[in-house]
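Atom set for the values below is all heavy atoms of this structure, side chains included, hydrogens, waters and symmetry mates excluded. Predicted model only: the values in this text are computed from it and were never measured. Chain letters run A, B, ... following the sequence lines, proteins first and then strands; every chain starts at 1.
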There are 2 protein chains.
Amino acid sequence: MVNIRLSVNKRIISTTVLFWRENQTYIADLCRSFAMGPKRKSEEGNGTPKKAKVCADIPDVTKIDFSCEAKTKDGKKWNMKFSSWNINGIRAWCEKNGHSYITAESPDILCLQETKCEKNKIPRDVEIEGYHRYWLSGDKEGYSGTGLYSKVKPIEVKYGLGIEKHDKEGRVITAEYEKFYMVTAYVPNAGRGLPRLGYRHDEWDPDFTAYLKELDKKKPVIMCGDLNVAHKEIDLANPKSNKKSAGFTPEEREGMTNLLSEGFVDSFRELYPEEKGAYSFWTFMGNARAKNVGWRLDYFIISERLKPNLCDNVIRKDVFGSDHCPITLFMNL
Amino acid sequence: MVNIRLSVNKRIISTTVLFWRENQTYIADLCRSFAMGPKRKSEEGNGTPKKAKVCADIPDVTKIDFSCEAKTKDGKKWNMKFSSWNINGIRAWCEKNGHSYITAESPDILCLQETKCEKNKIPRDVEIEGYHRYWLSGDKEGYSGTGLYSKVKPIEVKYGLGIEKHDKEGRVITAEYEKFYMVTAYVPNAGRGLPRLGYRHDEWDPDFTAYLKELDKKKPVIMCGDLNVAHKEIDLANPKSNKKSAGFTPEEREGMTNLLSEGFVDSFRELYPEEKGAYSFWTFMGNARAKNVGWRLDYFIISERLKPNLCDNVIRKDVFGSDHCPITLFMNL
DNA sequence: CGTGCGAAG
DNA sequence: CTTCACACG
């Protein structure tokens, strides 16, 4: 059995599971439909090379079981679902049908990082019915950028930290709800050769932590996103060889420890303190994802006083479309 | 019937013609072979998305009839075959198996333009047995560049015009043979908004023409390449709307007229003075090639005294792999 | 529309 | 290895 996604001239025309032997006719149809071009007659143009992309072994997101029976420690069932995903370019993600995940998972709030796209260039296909959408991009074209989908309209949405030096890269969106603040962040990567480690450790980390502390004074905080750090050795496949790599330097790990010491909880590690091999990012290089040579860089960080409301935190490692996979938090609020 | 070329992870695994109905089993095999990944076990990595590119409606170059019975005016059969092709990036061209054209056509000399590649980055796959290869690239990475394949080793190969201001972009290769000079050129494009029209008309065109005249004093010249001009209205699909477009300005057309007035012949137009719709370039935009909305930008220009040796000049419009197609000249020499 | 590049991850 | 931007065509 193998999964195939077929797109012609960048338009996905089929996603399906093929069982060999039984499906030769089906495969022929699939190929014919692609070879003849997209359905719209106007686009035909006989004789032109039509380029199709086929991806094999991509699980169909609509067939994944996203149900969850998790409860709080005192037995209350979850009533709010949050998801977070670094999508590595919303335009590429959209072409790969990444947004079909939204309907399949159907979270109350979905946070996206690395949209790499200005608001007015965001493809229309990502407008999913039933969600309000909020987008933030920075000064640099095609770099960074975050987004937030919400079933319920937030009381207020704020962009950035309110600190100029941090707010040029479209990294933080804060949405205020009745009972909590939702914050999504795409934390600055220290970079190859660690050129931005100083900025990250000395400027960003303290200011971002202070920002969350400030919010936490008013309402409990649910913060999520790509924090660009694997906190402990258990959070990446190769801790030994990565002590000087962006995402696992002592400085970055310390920043995360500091954050947690200020009254916040890493919800995944809280629930699964011993779980190994739980990663949310795999480099595209060297087939890392297939070998699960990954990093846990994506988190739901919650205010300590939300611990009694915590039901579950799941890593959706079977969802493709980016070098990160989505993560989902279940809460009773 | 449809032509399919299938490559997995950038490695072409199959090029074939599919006849619907008869070939369902074959298609199934094709898909299985791709879905299971390339043959080499070491590359496998189960569970990873494998990306395949499929191109439909690409004629198989090995099935094209390149034979030619043409003779000179006084009835002598051709004994030398020359081809020229602007390949729009030798690396992309190679991935598309563009070089299979060389074996299929088997010209004595093949000239390439727009290789867009430094000598040491040229893929090994283009090393075709039986040919000497000569490469020229300019200062700017991934820009311009020319190449020459020759079955017979030339007496001498020279690069550029010997004029510094013209020789930084890898545009001209001259190969001296016993009976003639072979010159291939990628003439500077005037550019969108015609920023380089002045350079092209006032500097390049006169110097290049003078260069050819100089060679012509010693031996007859066969010059070919992308001259980046459609000479007359008959040489492009939309002359009316392109009078101010690069490639059809009065200045560029005049440059070509000047060249021909200095004792050179446009071999194609010499043979087919009335033939319309004979183009060698089609923009990728708007399905231009399928509609034959093209330009004749590629030429074999020969010394007037070679006219008695001219057998034929054919435009290989069924050969894909670039936004230009190859052209082939048959001579009795 | 498609090439190659370079920055970034 | 993949994204996007940009230059160039």
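Separating the CZ atom of B:R192 from the P atom of D:dC6 is a distance of 15 Å, rounded to the nearest angstrom. If you take CZ of A:R171 and C1' of C:dA8, they are 11 Å apart, rounded to a whole angstrom. For the pair B:F281 CZ and C:dG2 C1', the computed distance is 11 Å after rounding to whole Å. Rounded to a whole Å, the CZ atom of B:R289 is 16 Å from the P atom of C:dC1. Atom CD of A:E169 is separated from atom P of D:dA5 by 15 Å (rounded to the nearest Å). When the P atom of D:dG9 is taken as reference, atom CG of B:L194 falls 12 Å away, rounded to whole Å. A straight line from CD of A:Q113 to C1' of C:dG9 spans 14 Å, rounded to a whole angstrom. Summarising the geometry, the separation between CH2 on B:W282 and P on C:dG2 is reported as 15 Å, rounded to the nearest angstrom.
Electrostatic pairing of B:E169 and B:R196 counts as a salt bridge here, judged by a charged N lying under 4.0 Å from a carboxylate O. A salt bridge links B:E141 with B:K121: the closest approach of a Lys/Arg side-chain nitrogen to an acidic carboxylate oxygen falls below 4.0 angstrom. Comment: B:R200 does not engage B:E251 in a salt bridge, judged by the lack of any side-chain N to carboxylate O separation of less than 4.0 angstrom. A salt bridge is defined here as a Lys NZ or Arg NE, NH1 or NH2 lying under 4.0 Å from an Asp or Glu carboxylate O, and B:K140 with B:E118 fails to meet this definition.
The side chain of A:F284 lies closest to D:dT2, out of C:dC1, D:dC8, D:dT2. Of the listed nucleotides (D:dC4, C:dC5, C:dG4), C:dC5 has the atom at the smallest distance from the side chain of B:K121. Between D:dT3, C:dG4, C:dG9, one nucleotide has an atom nearer to the side chain of A:E114 than all others, and that is C:dG9. Set against D:dC4, C:dG9, C:dT3, the side chain of A:A92 has D:dC4 as its closest nucleotide. Taking the side chain of B:N189 as heavy atoms from C-beta on, and the options D:dG9, D:dT3, C:dG9, the nearest nucleotide is D:dG9. In the set D:dA5, C:dG2, D:dT3, D:dA5 carries the atom at the smallest distance from any side-chain atom of A:E141.
An OP1 or OP2 oxygen of C:dG9 is reached within less than 4.0 angstrom by a side-chain nitrogen or oxygen of A:Y143. Between B:K140 and D:dC8 there is a side-chain N or O to OP1 or OP2 distance below 4.0 Å.
Comparing B:N86 and A:W93 by the nucleotide of DNA chain D whose heavy atom lies nearest to each, the residue mapping closer to the 5' end is A:W93. Comparing A:M285 and A:C117 along DNA chain D, the residue whose closest nucleotide (by nearest heavy atom) sits nearer the 5' end is A:M285.
Among the atoms of the strands shown, only primed sugar atoms or phosphate atoms (P, OP1, OP2) are found under 4.0 Å from some heavy atom of B:R91. Counting non-hydrogen atoms under 4.0 angstrom, A:Y186 reaches the backbone sugars and phosphates but no base.
Applying the side chain to side chain donor-acceptor pair (under 3.5 Å) rule to B:D298 yields the partners B:S280, B:H324; only residues at least two apart in sequence or on another chain are considered.
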